[in-house]
Amino acid sequence: MSKIYDPATIEPKWQAIWEKEGAFEASRDHSRPKYYCLIEFPYPSGQGLHVGHPRSNTAMDIIARKRRMEGHNVLYPIGWDAFGLPTENYAIANKVAPAKVTEENINNFRNQLKRLGFSFDYTREVDTTDPNYYKWTQWIFLQLYKHGLAYKHEMPINWCPSCKIGLANEEVVGGNCERCETPVIHRVKEQWMLRITKYAQRLLDGLDTVDFIEQVKLQQRNWIGRSEGAEIRFHLADTDDSLLVYTTRPDTIFGATYMVVAPEHPLVEKYAARISNLPEIHDYIHQAKQKSDFERSEMAKEKTGIEIQGVKAINPATGKEIPLWISDYVLMSYGSGAIMAVPAHDTRDHEFARGFNLPIVEVIQGGENVQEEAYTDTEVGELINSGFLNGLSVQDAIVKITKWLEENKLGHHKVNYKLRDWVFSRQRYWGEPIPLIHCPRCGVVPLEVEDLPLMLPEVEHYEPTDSGESPLAAIDSWVNVPCPKCGEPAQRETDTMPQWAGSSWYFMRYCDPHNDQALGDKKELDYWLPVDWYNGGMEHTTLHLLYSRFWHLFLHDIGVTSASEPYQKRTSHGMILGENGEKMSKSRGNVVNPDDIVDEIGADAFRLYEMFMGAFDQAIPWSTSGARGCRRFLDRVWRLQDMLDKENTAIRPEMLHLVHSTIKKVSDDYEAMKYNTAIAAMMSMVNELTESAKVTADEFKALLLILSPVAPHICEEIWQIQGYGEPLYLQPWPNYDEKHLVKAESEIAIQINGRIRARMLVPTDMTQEEATQVLPGTDEVKNLIEGKEIIKLIFVPGRLLNIVVR
RNA sequence: GCGGACGUGGCGGAAUGGCAGACGCGCCAGACUUAGGAUCUGGUACUUAACAGUGUAAGAGUUCAAGUCUCUUCGUCCGCACCA
């Protein structure tokens, strides 16, 4: 009789052994095939681990453990994305240094993770707030700066009045701050920007070379938002000047009956002297600026605008004078901030034209009545009222008009992207200082590599300021430094980097985490990169995942690494919801603490349940009783020890099919992240083994091997108790034999006209010929078809026989 | 509005076009127990006394055969949202 299954003693025991043996440390031996598994490194919050973290961690732990057993040199690292607002806010509220809070939180997180037995290589831990780490974050920024990809720009930015911080476009969700949901307002500020738009096309093209789930590719493509069209010059009447517009529908140019510019467009100020209704226009511009993004889209139903009187444009196709309007439905940040309006074939222009009684001219035939509704289809209909374009299809018209515009130097083919440059400055304390100095004489002077890291100074007050200045600006002794070039008094840049900076390259640092000469040795980077498999949340698709692809592509361009794309494969896990089906949150009171679950049922059962609860990529409500069911399963596995056959060790012939097909099913399902069905198959296997009175050692070993990636502690313990040799983590992954995958006999369904009437046992390898000749004559089938004429016989080997009769 | 995913028992969910509901939770009954929130055994879609029939959001279609493919409608979730 074996002792009782007690996870509270065996789990810490094996965790200590793994650690002492360095069981999961990646090797520097580059002769072995490598495999790099990655999870998103956690933000070490004060709340500690929640049940969402282990879902991703366990999934990739299964892959990492399986790959080691398959003979790979595996890198499965962990680290801490530790800069950021919650820590800073906590530090302010509790009057402690953010660095101290961070250290405590990291220690807590590490302990929690270790309890769950993940096979991380803790010798390669990284911490984004460690000066030895952020030295290289700053170095990368300087490289970006030197290559013209970082620039300072005064612009209206998204400002969260609650966090008192500028936000990147990617951090604004539905017009609100991603973090605190406060409506974002516009504020004109000088900001450091990164020219991610320069990489738009390559970020798009790279998606075709990687194995990301389609949803991620699609969202990134939409975010980059490539469109093709033409840039066209409209002359302004009685001037030598012109107004540039971008359109994806140059074919509709004959229908452009007016133009619209964005409220921020410089045209108004330029022609202020000629404009007869200037006060009204200024009034309109002022009102538009007052609106937040959210209000601007809220009001989208009723379009507003005002005509610019005194300035007219000339449609280059018709030669006619057309009026110029100003409206906030045109955005300064896209295209040229001005459009040619074709109300007959654009819903927005149509709405605007109807509101202000502007002419609607049909140029594509096919709509019902363009006075009532815009006709936007590009597949059906030919050009009318369009001079030399008449009779052409939309596609042909686009080609012809573009050529005509180019020949007459009125415009040209143009590709546009929705993607905007990345707002990279933050006005908060707890981030990487931007390593630049502003000198009145020399301008912006970057620090030398030898002067990195530029340490974040220790200060008394971390509070953000209402003025929008970084708290660093208040530290005179830190800000005021001599210019490194000319020695004259100069000032440091006081903005810090966003949290996304450190996370944009952490997966590179894991390859060579202790290197103090470079962010990583090229040989190490080239060996390990790209990451073979990266699992993380969908919420990062257009943030971290896009940013880090951009940085990696840039670092590839300057020769730091050979791979161009950082991640070969990207998958995503679904969220774990509270028991009530709602998102887990403190305010809803439905948060499940992993520690409590581990205390009750052990880490193995907890891991097992996280993988078993449902399809990995779906959101699933937590169920503590479901988790207990997984513990019961492990209890049954443990008790199999009492059933071991003392005489025979080999797999019994009648169990060959079960054992081999389960090995195959589980192996395949792990790779496809179908963990729930893999575990179901192992449960079935245990159920079947339990039904026979005895279990042989080889049957049991096979089960322990395939179960070990999910529930490693219990499997190691049993393996040791039974004296099966070297620890499990050193064992090879089991193979299956094709010839045992097929049972000798299988029960097939007998259908008459598609309805099941009987079942019978036949040899699995029975062929179509044998079946159609033999089966209709058997007793079971004969009386079912008595007196009827067989029209057709359909036989699916091992499955069914369908007899179509009349 | 545009784009995407999805809709199966009381619940989480299984099903290369081929026996719908695997596996688990919950529930019911029984066994063993001083006891059970432990363990074991059996049962558990619906209608029906039964034979049998009906069932995968609703409706139509393709097929020998549809949860799976096609079309329409309804509903849920996610992403983007005046991007010209």
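So you know, we letter chains A, B, ... as the sequences are listed, proteins then strands, and number each from 1. Computation of the quantities below employed the complete heavy-atom set of this structure, encompassing side-chain atoms and omitting hydrogens, waters and symmetry-equivalent molecules. Nothing here was measured: the structure is a model prediction, and the numbers come from that model.
Within the nucleic acid shown, A/Arg757 comes within 4.0 Å of sugar-phosphate atoms alone, with no base atom in reach, counting heavy atoms only. Across all strands, A/Ala615 comes closer than 4.0 Å only to sugar-phosphate atoms, never to a base (heavy-atom distances). Contacts of A/Ile620 with the nucleic acid, taken as non-hydrogen atoms under 4.0 Å apart, involve only primed sugar atoms and P, OP1 or OP2. Residue A/Thr541 is classed as having no contact, given no heavy-atom separation below 4.0 Å to the nucleic acid.
A donor-acceptor pair shorter than 3.5 Å cannot be found between the side chains of A/Tyr417 and A/Thr197. Counting only N and O atoms by type, the side chains of A/Ser227 and A/Tyr246 include a donor and acceptor under 3.5 Å apart. Using modelled atom types, one finds no donor on one side chain facing an acceptor on the other under 3.5 Å when comparing A/His573 with A/Asp617. Side-chain contact annotation: A/Glu228 with A/His413, donor-acceptor N/O pair under 3.5 Å present.
Salt bridge absent: A/Lys743 and A/Asp765 never bring a charged side-chain N and a carboxylate O closer than 4.0 Å. A salt bridge links A/Glu600 with A/Arg628; the closest basic N to acidic carboxylate O contact falls under 4.0 Å.
Residues A/Ser336 and A/Ile679 each lie close to RNA chain B; by heavy-atom proximity, the contact nearer the 5' end of the strand is made by A/Ile679. Looking at which nucleotide of RNA chain B each of A/Gly225 and A/Lys674 is closest to, the 5′-most match is held by A/Lys674.
Taking only side-chain atoms of A/Asn687, from C-beta outward, the nucleotide of B/G13, B/G24, B/G18 with the closest atom is B/G24. Side chain of A/Phe612, nearest nucleotide from B/G12, B/C82, B/C40: B/G12. For A/Val330, the listed nucleotide lying nearest its side chain is B/A84; candidates were B/U54, B/C23, B/A84. For A/Ile756, whose side chain is taken as the heavy atoms from C-beta onward, the closest listed nucleotide among B/C23, B/A20, B/G18 is B/A20. Residue A/Asp328 places its side chain closer to B/C82 than to any other of B/C82, B/U39, B/G18. You'll find that the side chain of A/Thr247 is closest to B/A84, out of B/G24, B/A84, B/A22.
Protein atom CE of A/Met643 is 17 Å distant from nucleotide atom P of B/U39, rounded to whole Å. Rounded to whole Å, the distance from CG on A/Leu545 to C1' on B/G79 is 15 Å. The separation between A/Arg631 atom CZ and B/G37 atom C1' is 14 Å, rounded to whole Å. For the pair A/Leu703 CG and B/C23 P, the interatomic distance rounds to 16 Å; values are reported in whole Å. Summarising the geometry, the separation between CG on A/Leu577 and C1' on B/C77 is reported as 11 Å, rounded to the nearest angstrom. In this entry the distance linking CG of A/Leu658 with P of B/A22 reads 18 Å, nearest Å. Rounding to whole angstrom units, CG of residue A/Leu608 and P of B/G12 are separated by 20 Å. Spacing between atom CD of A/Gln618 and atom P of B/U8 amounts to 12 Å, rounded to whole angstrom units.
If you take CD1 on A/Ile326 and CD on A/Glu307, they are separated by 12.0 Å, rounding to the nearest 0.5 Å. Taken from CE in A/Met685 to NZ in A/Lys665, the straight-line distance is 14.5 Å, to the nearest 0.5 Å.
Every residue two or more places apart in sequence or in another chain that forms a salt bridge (Lys or Arg N to Asp or Glu O under 4.0 Å) with A/Glu171 is listed here: A/Arg179, A/Arg426. Applying the ring pair (Phe, Tyr, Trp, His ring centres under 6.0 Å) criterion to A/His660, with sequence neighbours excluded, gives A/His740.
B/G18 and B/G12 have their P atoms separated by 25 Å, given to the nearest Å. A distance of about 8 Å separates the C1' atoms of B/G21 and B/U8, rounded to the whole Å. The P atoms of B/C69 and B/G17 are separated by 8 Å, rounded to the nearest whole Å. Separation of the C1' atoms belonging to B/G67 and B/A57 is 12 Å when rounded to the nearest angstrom. Atom name P, nucleotides B/A65 and B/G1: the rounded distance is 38 Å, in whole Å.
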_Between A/Gln751 and A/Arg757, does the side-chain contact (heavy atoms from CB on, under 4.5 Å) criterion hold? Intermediate values first, please._
CA-CA 6 Å; A/Gln751 297 185 339; A/Arg757 296 296 170 188; over 6 Å; no
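Contact annotation: A/Arg799 does not reach the phosphate of B/A15 (side-chain N/O to OP1 or OP2, under 4.0 Å). Dashed line: the shortest gap from a side-chain N or O of A/Asn416 to OP1 or OP2 of B/A84 is not under 4.0 Å.
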Could you go over nucleotides 2-4 of chain B and give all protein N or O partners under 3.5 Å, atom names and distances?
residue: B/G4; atom: O2'; partner: A/Gln215; partner atom: OE1; Å: 2.8

Might you list the N or O atoms of the protein lying below 3.5 Å from N or O atoms in nucleotides 60-69 of chain B, with each pair's distance?
residue: B/C64; atom: O2'; partner: A/Asn802; partner atom: ND2; Å: 3.3
residue: B/C64; atom: O2; partner: A/Asn802; partner atom: ND2; Å: 2.5

Can you check nucleotides 25-30 of chain B for protein contacts, nitrogen or oxygen pairs under 3.5 Å, and list what you find?
residue: B/C25; atom: OP1; partner: A/Arg632; partner atom: NE; Å: 3.1
residue: B/C25; atom: OP1; partner: A/Arg632; partner atom: NH2; Å: 3.0
residue: B/C25; atom: O2'; partner: A/Ser625; partner atom: OG; Å: 3.0
residue: B/G26; atom: OP2; partner: A/Arg632; partner atom: NH2; Å: 3.3

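Within the 6.0 Å centre-distance limit, the rings of A/Phe352 and A/Tyr258 are counted as a close aromatic pair.
Interface remark: the A/Lys418 side chain does not form any donor-acceptor pair with the B/C80 base, using a distance-only criterion of under 3.5 Å.
For CZ of A/Arg233, the number of neighbouring non-hydrogen atoms (other residues, nucleotides, ligands) closer than 6.0 Å is 12 at most.
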*Intra- and inter-strand pairs of RNA chain B in dot-bracket (Watson-Crick or G-U wobble, both distances under 3.5 Å; | for another strand)*: (((((((..(((.....[....)))((((((.......))))))(((....)))..(((((..]....))))))))))))....
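Both tests hold for A/Lys303 against A/Tyr329: distance to the six-membered ring centre under 6.0 Å, angle to the ring axis within 45°.
At distances below 3.5 Å, not a single donor-acceptor pair connects side-chain atoms of A/Asn802 with backbone N or O atoms of A/Phe795.
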